Amino acid sequence: MIDVELWISGSVTDHCAAGVSSTTKFSARKRSVSIAICIAVEEASRIDDDSVASSIERWLVRGFESAALPRSAGNISLSGAVDALSRASLDWPGRSGEP
């Protein structure tokens, strides 16, 4: 199981380092991974209303790609989640195969 949190900084709160960052936790007992993806305020403020969905998709992909799993996670890979996010985004309204 993968739990995902997406934190988007705003004008009042900025909990994130510059750009897009992620932290991961692995629970061997539950066989689950938790990923917190954090979007810095300067990154979030660059999008307009028309690009919200595609920006969120890119942030999720970047967060998964930058996630470092601990050695205790063994051979668990997040590449399948990245592939699934990329494929699913092609089905969103207004998206027609754009990267």
Side-chain angles (χ1 to χ4, degrees):
M1 172 172 45
I2 300 175
D3 291 321
V4 179
E5 294 180 17
L6 180 62
W7 292 52
I8 302 174
S9 298
S11 60
V12 176
T13 59
D14 190 8
H15 303 285
C16 309
V20 177
S21 59
S22 62
T23 56
T24 58
K25 293 180 185 174
F26 172 69
S27 171
R29 184 174 53 84
K30 295 180 184 177
R31 295 286 298 162
S32 67
V33 176
S34 296
I35 300 176
I37 301 169
C38 203
I39 312 304
V41 68
E42 73 273 358
E43 179 86 16
S45 64
R46 287 195 294 244
I47 66 166
D48 58 27
D49 290 344
D50 294 334
S51 64
V52 171
S54 61
S55 295
I56 290 173
E57 181 262 329
R58 284 192 306 275
W59 293 336
L60 287 171
V61 168
R62 287 172 58 191
F64 271 84
E65 288 175 339
S66 67
L69 291 170
R71 199 177 321 176
S72 61
N75 62 355
I76 292 175
S77 172
L78 299 175
S79 62
V82 171
D83 292 342
L85 281 168
S86 297
R87 282 192 310 273
S89 69
L90 296 177
D91 295 332
W92 293 351
R95 301 286 308 264
S96 57
E98 63 187 66

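Since we're looking at a predicted model, the values are computed, not measured. Both backbone and side-chain heavy atoms feed into the values below; hydrogens, waters and symmetry mates do not.
The two residues S22 and G63 make their nearest non-hydrogen contact at OG-O, 3.0 Å. Annotation for F26 and S32: closest pair CD1-O, 3.4 Å, computed over non-hydrogen atoms. Shown here for I39 and A44, the closest heavy-atom pair between the two residues is CG2-N, 4.0 Å.
In this structure, S77 OG and F64 CZ are separated by 11.0 Å, a value rounded to the nearest 0.5 Å. Of the inter-residue distances, the one linking S34 atom OG with M1 atom CE reads 7.5 Å to the nearest 0.5 angstrom. In this structure, CZ on R46 lies 11.0 Å from OG on S51, to the nearest 0.5 angstrom. The structure places OG of S54 at 9.5 Å from CH2 of W59, a figure rounded to the nearest 0.5 Å. Distance CD1/I35 to CG/L60: 9.5 Å, rounded to 0.5 Å.
Side-chain atoms of D49 never come within 3.5 Å of backbone atoms of V52 as a donor-acceptor pair (strictly under, hydrogens ignored). Put simply, the side chain of T24 gets close to the backbone of A68: a donor and an acceptor are under 3.5 Å apart.
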side-chain contact (heavy atoms from CB on, under 4.5 Å) between I76 and R31, worked out: CA-CA 10 Å; I76 292 175; R31 295 286 298 162; 4.0 Å; yes
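Within the structure, salt bridge (Lys or Arg N to Asp or Glu O under 4.0 Å) contacts touching residues 59-85 (residues at least two apart or in different chains) are E43-R62.
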